[in-house]
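Working notes, beginning with the structure itself.
Just so it is clear, the structure is predicted and the values come from calculations on it, not from any experiment. A note on names: the letters A, B, ... follow the listed sequences, proteins ahead of strands, and every chain is numbered from 1.
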Amino acid sequence: MRGSRWRRMAFVLVVAGAYGLVLAPVLAVVVISVFAQEIVSFPPEGFTLRWYANAWEKREFARGFVTSLQVAFAASAIGVPLGTAAALAINRGFGRMDGLRGAMNTLLLGPLAVPGVVAGTALYLFYVRAEFWIDDDIKGTTLGLVAAHVLLTIPWTVRLVSASLQGLDRSAEEAAANLGARPLTVFWRVTLPMLRPGVVAACLFSFIQSFENLELTLLLVGPGRVTLPVAMLNYLEFRVDPTLAAVATVQIVLVGALMLITDRFVKLSRVV
Amino acid sequence: MRGSRWRRMAFVLVVAGAYGLVLAPVLAVVVISVFAQEIVSFPPEGFTLRWYANAWEKREFARGFVTSLQVAFAASAIGVPLGTAAALAINRGFGRMDGLRGAMNTLLLGPLAVPGVVAGTALYLFYVRAEFWIDDDIKGTTLGLVAAHVLLTIPWTVRLVSASLQGLDRSAEEAAANLGARPLTVFWRVTLPMLRPGVVAACLFSFIQSFENLELTLLLVGPGRVTLPVAMLNYLEFRVDPTLAAVATVQIVLVGALMLITDRFVKLSRVV
Amino acid sequence: MGTLVLEGLARRYGATVAVERVDLDVQDGELVALLGPSGCGKTTTLRMVAGFVPPSAGRVLIGGRDVTRAAPHGRDTGMVFQSYALFPHMSVGQNVAFGLEMRKVGRAERERRVTEALRLVRLEGLADRLPRQLSGGQQQRVALARALVVNPAVFLLDEPLSNLDAKLRAEVRFEIRALQQRLGLTTLFVTHDQEEALTMADRLVVMDRGRVRQIGNAEALYERPADAFVAGFIGRCNLLRGALESPGRFRAAGGATLPCAPGAAPADSVLALRPERVSVETRGEGLPARLLAVTYLGAQTEYHLDLGGTKLLAIRATPAEDDPRRALAPGDAVTVHWSPAEARLLPALPGDLVEEAA
Amino acid sequence: MGTLVLEGLARRYGATVAVERVDLDVQDGELVALLGPSGCGKTTTLRMVAGFVPPSAGRVLIGGRDVTRAAPHGRDTGMVFQSYALFPHMSVGQNVAFGLEMRKVGRAERERRVTEALRLVRLEGLADRLPRQLSGGQQQRVALARALVVNPAVFLLDEPLSNLDAKLRAEVRFEIRALQQRLGLTTLFVTHDQEEALTMADRLVVMDRGRVRQIGNAEALYERPADAFVAGFIGRCNLLRGALESPGRFRAAGGATLPCAPGAAPADSVLALRPERVSVETRGEGLPARLLAVTYLGAQTEYHLDLGGTKLLAIRATPAEDDPRRALAPGDAVTVHWSPAEARLLPALPGDLVEEAA
């Protein structure tokens, strides 16, 4: 029994180490954001909300925040229904063709693996050509940005909803049909409610993916219409001070709150 | 039966649409990279490998490619064992404390949800302070970059290995112990081989995540030591031409090949 | 309630035949069991009746109406699924009300009928629970109530007892049968468990590899099996390969010559002899045999016998404490006896697995 | 091979008692079955012997050596798991060789013993297959070979037949028992299936809710059950609550007065009467009863009886075609009879579920 106690302690140490490593910078940035001095010394000289006030005064951050929210919301609103339909089609539309279904699923991992900056470049070049053809602006417009972010949300949605679909007992849908429900009624009354965990998780992750995206966005934002991550990057180029830590902290708190609230309704660690 | 045929056609259309949307820019960039003219017209005026030659001549791309490979390899080599150990500890070390295990799993989703640029800023500020303390360079060094990328790989590894662990029949491990194997022997001879799909997928995704990362990297690279995504971004700042498409195509082919090879050994769509 | 008629119903998947041909009349108020090993096509047949599987050939008539091409929601069948298939996000009451809602039954009427259906399955007061808060047996009863409440013309049960433990299964079996008889439900019931089918059904359809082997009541199937498969599937049976030596004398493959019922026998015939019809004595008239093993099972005792190279199983009520047969041990010599009429010659269809006595 | 001794073995999880106390001697070469419903503690007991669960109290002795604190790899037990627990990434041969490798047996000797073990379980020539390429029955035999090849002092089987289908189960049961007797393996066997335990074991340990209810051979448990739980668990049994009216006369809760074995009876006693010891006649001496239901089961027929408010089950061999009892139908009046000595008065422990005849 002694050996098992040592092993348990070793386990706890490894976990603590991994978490420490992963979470340390996040904690550090939160701490930095409330320290008074620009270069931290130990012991700290005092706490302050000055950097938060500073961030508030820089209107780019507030504007970027609003733009990010709008884009993330629009992209999720378009991408999640589309991705859900695609997940249904992939998992349901091919009958017994299991091989094909596997291929479709693997193919959908593709976008996850295409480097963001590659996709961004691709979109940028694509938009440049498309503008040339339709003779109107695309890059730099919110519409162009939302379209790009929809691409981010679809693979996540398909994956999360597919996972829910695969765990779904199809006989519940058959029971509904047997009780007199037409196909659309079956979908709205039985299938969709049973997919709720996957769809909710898809909304959350789509939103976060869009909200936090920098790579795809960087080349597509127009002058004066930047998202928060781009605004942060722009700020960094001419100055590094705890103002950024304050902005980062606000984002961490927002995303964290979003995850906690979602976790109340759907156990994320079981779905994702 | 008629209705079901229409439904199937609608399904196929939705799938084709979603795939088209997601894959179109990728395909577009591949096409652009082999067109002769700088602004594409239709019909194309001719195919060329000129942009590839151009990319090869820009040594930043080749150097960035090598740096990216090195960093991704090092980060995976460190992060995957660490993440695997953490996954084991989380799933095995807490006995009957299911609640705690769920909390740990959710907490590990945290880093996935922290915006990359926030994490990058956090690390940058963290490194600035740390340099101040240890009085040596961290940001701008390969070591600092690898350390940052290890943070990327750990959450992916923990998730993928945890998924494998949860599907693992523990009685095989008990059988090994019953047959006279000591705990370490059980781990190397039985547990680890049974986790192979998860670990292989973790290696692949860790590598890709690190290789393609821009946000975390952007602030931490030193002068003359840039990764490929950063090199692309730098190039974009002063010129946009199909050279970038050529570089992007090379990356897409590389990552795609990596996924296909891995898929031979481990069915990714089942593990991820 | 109505009748159910299946005419030449078949289902092929490419080259695979799931159901070759089923012809069946289920009378008003009758309970018919589809019985067979897994993969015999019984579930596919049921699903063709419900409309989930389109038949490759044949017709389904419910209450005289041809519903072969009707969608599942237009068939007026009430199905109970093996997994119960309750809607996990709806309360028990909402589950049961679902079919009435689809039929646009008014709110007051709906509530009355839901309450009545839940009372029928003894689940009064649980209408507000969610399915996952109920035990397996209770979920099963919700599934029953949900199917019953809409008064379907035909009631379909797909292995409804297979997820219950042994104790509960016997109880629910009895309950379902009582309910079916009281309400006069025309019922088609799928099971792989012969005891379940024997206990519950008015008639049984024995299926194997997509084909109907025999249709009849319990007694007909047990006493007059049509072939070796049915004899082996309904109850336990010694099935011995061999050939007729002379009328009334069968030479088993093992070597023994055994008395059997007179009658013609094809070349590939099988002697079917129920183990409980074989008497075992320590002395007296009969065939000499050697005991291979004796297994005490409480009420009954199994005797594994060797008749000059042919293995035979006998099952007898355990002898009383003072009976000399109580002391029988492996290796002992005994005499066995049966009425020749009990040893039937049956055809073995090609591919039938004829085994030693189990 | 050796002996296995459990002394006051117990396991608690916080306030929950998984195993209250088990005392057991397994002799060299003996097969003992731990039998009980799920949650009775039988698997926990087995896992304490294997070393996977540390006991809260008591000792485990294997071949006289106290291994209570030994790690699983230091116990010299050979366990066959319910899921078989084969190593999916190793070939059949590598699976079987694993234990020998751990014991540092040389290569040549190892190969010889693996071949021998595979021959023993009739899997010659399959050494290079992967487990997933085998059928369930074959995987089961690989698991047996893997445990046997190391010559463990004690052989442990955890419901080894529960993943096999009914047909195969009867066969493998016979095989394992033959192997165990031939090799003289000291074996502890866990099962919830009483027929399995009755067929295979030298002695049975009946457990319920962490407690040992009775230890004995099949006959002792069936003919002389210690309490109502054992009577109900081993074979089928009518268990009637009630009280002794006068010596030899038991007043059942339902209202009937029934003849029973003489003897003292505590206040909360139960009358246990095996259904196959109840004879049913259309006329003649006996207690008058009314038939509630008759179920034809082939070899046997069940009679559900009502004796003036008390329900009773009788199981008889199905009467011959010309017997008047063949025509009995629900509602008919019959007379029932049993030898008073067959109706035993048993204590019902608090919390025992005493049911109507199943």
Side-chain angles (χ1 to χ4, degrees), chain A residues 80 84 87-88 91-101 160-204 262-271, chain C residues 13-14 16 43 46-47 49-54 70-90 94-105 117 130-132 139 142-160 163:
Chain A
V80 171
T84 303
L88 276 166
N91 288 283
R92 291 293 175 79
F94 294 102
R96 313 186 129 230
M97 291 176 281
D98 278 329
L100 190 52
R101 187 178 309 141
L160 290 167
V161 175
S162 286
S164 279
L165 265 174
Q166 275 148 26
L168 188 139
D169 178 14
R170 292 209 66 171
S171 62
E173 299 175 295
E174 291 181 344
N178 181 261
L179 289 165
R182 286 161 186 285
L184 260 181
T185 314
V186 173
F187 178 75
W188 287 110
R189 295 287 308 271
V190 176
T191 314
L192 202 55
M194 285 174 80
L195 291 180
R196 204 178 62 106
V199 174
V200 169
C203 289
L204 175 72
T262 312
D263 202 50
R264 286 244 131 185
F265 296 100
V266 177
K267 281 276 150 273
L268 287 180
S269 56
R270 268 184 228 147
V271 181
Chain C
Y13 294 103
T16 318
T43 298
L46 193 81
R47 292 173 63 78
V49 174
F52 300 132
V53 174
H73 64 265
R75 291 210 173 191
D76 200 15
T77 62
M79 181 148 168
V80 176
F81 292 78
Q82 183 170 10
S83 63
Y84 314 143
L86 299 179
F87 308 132
H89 54 293
M90 299 186 197
Q94 288 169 333
N95 264 279
V96 177
F98 189 85
L100 298 172
E101 223 181 300
M102 293 301 121
R103 282 163 175 76
K104 314 239 183 304
V105 172
L130 283 175
R132 66 166 167 274
Q139 290 183 25
V142 175
L144 274 175
R146 188 177 65 176
L148 286 175
V149 76
V150 296
N151 283 325
V154 176
F155 199 43
L156 304 173
L157 301 165
D158 184 12
E159 307 241 13
N163 285 334

What is the distance from atom CE of C:Met79 to atom CG of A:Leu179, rounded to the nearest 0.5 Å?
11.0 Å
Between A:Arg189 and C:His89, the two heavy atoms sitting closest are O-NE2, 2.8 Å
At a 4.5 Å cut-off on heavy atoms, which part of C:Arg47 comes close to chain A: side chain, backbone, both, or neither?
side chain
C:Glu101 versus chain A, heavy atoms under 4.5 Å apart: side chain, backbone, both or neither?
side chain
Which answer fits C:Leu100, side chain, backbone, both or neither, if we ask what part of it has an atom under 4.5 Å from a heavy atom of chain A?
neither
C:Phe81 versus A:Glu174, closest heavy-atom pair with distance
CE2-OE1, 3.5 Å
Answer with side chain, backbone, both or neither: which region of C:Arg75 has an atom nearer than 4.5 Å to a non-hydrogen atom of chain A?
neither
Largest heavy-atom contact set with chain A, pairs under 4.5 Å, which of C:Ala85, C:Gly78, C:Pro72:
C:Ala85
Interatomic distance, C:Tyr84 atom OH to A:Asp169 atom CG [nearest 0.5 angstrom]:
12.0 Å
Ignoring hydrogens, what is the shortest heavy-atom contact between C:Arg146 and A:Ala175? Give both atom names and the distance.
NH2-CB, 3.3 Å
Residue pair A:Pro183 / C:His73: nearest heavy atoms and the distance that separates them
CD-CE1, 3.9 Å
Please report the closest heavy-atom contact between C:Phe87 and A:Ala172, naming both atoms and the distance.
CE2-O, 3.1 Å
